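One structure is given below, encoded as structure tokens.
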Amino acid sequence: MDFYQAGLFCTLVCVAISFVALLRERDDIHKILIVDLVETTGLVLICLVATDLAEALILPGLVVGISELLMLTELYIRKENLPIPSFKPIKIEVMRTAPPIITFVLVVYGIILSGFSGGAVAGIGLVFYFLCKGYEERFELLETISGYAWALWIVAFFIFMILPQAWLIAVMLSGGAILIKVTTKMALIGTMREGRNV
Amino acid sequence: MIRHIGKGFRIFSNWMSTYENLVAVYAALGIVVTICGILMVPMLSYHEDQIYSKTMNRTSTLDPYDRGGVPFTMAEIKAQYPDNSPTAGYVTTYLTPFSWFLANTTPYFGTTIVAHPGGIIDEILYNTRGLDTVVETSILFTAFAIASFLFRRKD
Amino acid sequence: MFNLPIEGEELFALEFGDIVNYFSLYTTTLFLFATAFIIIAIIARPERQTDIVFGTDAVYTKEINQDNLRFQRFMAIACGLATLGAVCSGDLFNFSLFTALIGITNIGIVAGVNNRYVLNAAYNYGIVAMVATTFLFGGASMALGTCGTLSIWELAGKGLVPLAAKMFLVLGVMGEGMAPFYIAKAEITRAPGAPYVLMIHVSSLLIFLRVIEIILTV
Amino acid sequence: MITLIIPAVFIGLLFHGIHRKVIARIQERPGPPIWQEILHTLKFSFKQTWIPKTASMPMYVFIVAVSIAIWTGAFYIVFSGGSLLLLFAVFMLHKITEHGLGLSSGSPYGKFGAIRSVMSAASEIPLFATIAGIYVVTGSLMISDITRYQEIHGPLLTGAFPIAIAMYIVILSKMHYGPFSIIEAKEIVSGNRTEHFGVWRAGLEVAYALKTFVLLAAFVLLFIGALPWYLMLIAMLIVLISLSFICAFTPMLSPFDAVAMQTVITGVLAVYIIILGVIG
């Protein structure tokens, strides 16, 4: 029995166990938790291949799991007609004065980094800003920007495929677009409070 | 006897027609198939000649991000159809100016001391397995669209 | 290209780096069928469901919310495009990703409907669709581990892919497409918006047909 | 090939008439004349036609066209010796048109029919068992290869009997008045076809006649082998009459029982195919 077989054996046992849990579970919200467990074992099955390709396949696998979780939990809230908790914003002085400068620093640093990780850093800045300051939602605007950035990113991919000699343009395009996309997507999380949609 | 079979069948079909049991039905099928899979493990052996096999150059200053080759040139990746993507590696080895500076001046790039993000596109195979990337982001996009649509419904 | 007595001759191949999509007589038929239903989803108005008031002769038609309708149409088109991708993909992992996308958009089509039964069924279906990705990705990665490649072109006709991986793939597609698990899907079908609801069935049957071609080919 | 479609439609309609007649005689009724279905179709062709106000407009019409188109395609596939997998695809796509017929009109009866057709999705799976089984036995899915195989090794009906049963169940679940035809049960008027009348109904009758013809022809070609045309028609008629007997003697199952029954059959066949695959 080589390493791959041993790993496969253990993982499949884990898959079976997690499915037994799913079989026995009756409560809707607990099912979501178990589903997360099951998905993780699926990722381990990919990891077992242990090449660069496996590394590249894990990211899509992870993203599929996260996005389905996001959608299902929202569907659950809708299905159960759960009210959205309302709370008063905390009144701390530093939360009114600090956000601009912190956000500015984080966004600038994110732009220097560029790309996916840059987007994440800049996005955290904006999340912070919106959480502290923003009581008005700007979903439409952020969504539009995010959508266009996503489309540009896909365009860059097609440039790589069809016109490889223009790769520099594609690199710049995709780097910039993903920066904007990730930033706006994360910023949207900051605006997810029952404020006014402007 | 026949009456019992008929009664059992009725219970079965009633149980199957309740959608709360759907997850349980699928889980039961999943367990059966996984057990079949476990029994077949001895027949599966690892294929040594993999594409995109993993080679790590520990001495490189770019260590975890090093895909071979000088940035902006061809990288040696064992791809499935090398002739379809002769430019593989143009992107995969791209670093942001700051990471490039770190990598050239210090040996610590990518270690825990300087945990600095890699390049514009961390996904190593953007060029050769790009369609995966497109689908993956589409999935995220769709799920986000559904979640935000549900979140913002006012009725 | 492979010349197997399974699906008719190859018509044309489309290269995207390491993922080579191909069209055979069989997949082209599926492709055209999906295209036709996408066009229908774009141009057709939704039907107005009529309900009979119990105990009387009165009949009324349900109104469909405009926002909801637009969202449903968007999801139906996305679902159709994912189906197009799944039927012509020439790579096992890429196929599973497209299939996962179909699972998500299928729930999206009915997510906006304001009916407790539909939402409950969609939720249960969603859980199955999520769990099924384990089998899809597991099947694809087991094929990769044991054969060293994911390309259907390379694997075709050699019979290298182990039976376990094939079973995983089929079970994954069954979960994503709800192929024979009838009950939740029947509840989902009660949702209004016929051209869009029909897309759920089109996509799930087409991926089922495709996975059968794949497991017979590899 | 195309010129053969017209006779095939008429023979299919005649088969429907014979089916009704046989059932009627078994139940000691006089029954309609056997050309009744042909007359029906002609009558519907000349009746007034419009589209219900609640219907989903292009889809309501389009679905009839799709129905005719796929079965014309299936006719071509079977008689040109094409791929069995394509025939399977057509059969599954027929399911879509069944859903679409019921959903497009907005009528509650049509909707019930469509929901029942969604429920009975398991009825298609035995055909998959047929295909997988035939592939395991003959090593090819081209109908021309399969008929050639039977010329050498004898008919598959004796060689692979359970596979023939699977295909027979598939055809049975598509017959009118059968135990599994919950879609067209009379308590929901005409099920998913309730709101399609006039020319649309005539078009559907044509498509369904072609469907019966193609399925019976495929059964004969796959399990008995290539025959001269008159023997083939006789063989198809025999298969049809055996189906009519089953339809006459069995009551219609309640929807969930019908589906559960089909699921059980499918499960048994799946196990059989896996065993066949592992041993073979």
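Residue numbers start from 1 in every chain, and the chains themselves are labelled A, B, ... in the order their sequence lines are given, proteins ahead of strands. Scope of the values below: all heavy atoms of this structure, side chains included, with no hydrogens, waters or symmetry mates. None of the values given here were measured: they were computed from a predicted structure.
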- For the residue pair A:Phe19 and B:Tyr26, categorise the inter-ring angle as parallel (less than 30°), tilted (30 to 60°) or perpendicular (more than 60°). tilted
- Item | Residue pair A:Gly147 / B:Phe141: nearest heavy atoms and the distance that separates them | CA-CE1, 4.5 Å
- Task: Check A:Gly61 against A:Leu43 and note the closest heavy-atom contact, atom names and distance.
- Result: C-CD2, 3.7 Å
- What distance separates A:Leu53 CG from B:Gln50 CD, expressed to the nearest 0.5 Å? 8.0 Å
- Hey, which residues of residues 4-13 of chain A are touching chain B, say heavy atoms under 4.5 Å apart? A:Tyr4, A:Gln5, A:Leu8, A:Phe9, A:Leu12, A:Val13
- Query: Given the options A:Val20, A:Thr51, A:Ile17, A:Asp28, which has more heavy-atom pairs under 4.5 Å with chain B than any of the others?
  - Reply: A:Thr51
- Derivation and outcome, side chain to side chain contact (heavy atoms under 4.5 Å, CB included), residues A:Ile159 and A:Val155: CA-CA 6 Å; A:Ile159 293 177; A:Val155 166; 4.3 Å; yes
- Query: Top residue by heavy-atom pair count (under 4.5 Å) with chain A, among B:Ile35, B:Ile31, B:Asn21, B:Val23?
  - Reply: B:Ile31
- Task: Would you mind telling me which of B:Thr137, B:Asp132, B:Thr142 has the largest number of heavy-atom pairs within less than 4.5 Å of chain A?
- Result: B:Thr137
- Nearest heavy-atom pair of B:Leu140 and A:Ser67: which atoms, and what distance? CD1-CB, 3.7 Å
- Note on the structure: Heavy-atom closest pair (A:Ala16 atom, B:Thr34 atom, distance to 0.1 Å) is N-CG2, 3.9 Å
- Query: So what's closer than 4.5 Å to chain B heavy atoms on A:Val49: side chain, backbone, both or neither?
  - Reply: both
- Is chain B contacted by the side chain of A:Leu75, its backbone, both, or neither, given a heavy-atom distance below 4.5 Å? both
- Proximal component of B:Ser138, with respect to chain A [non-hydrogen, under 4.5 Å]: both
- In short, A:Ser146 meets A:Thr184 closest at the heavy-atom pair CB-OG1, 3.2 Å
- Query: If every non-hydrogen atom of A:Ala54 is compared with every non-hydrogen atom of A:Ile46, which pair is closest and at what distance?
  - Reply: CB-O, 3.6 Å
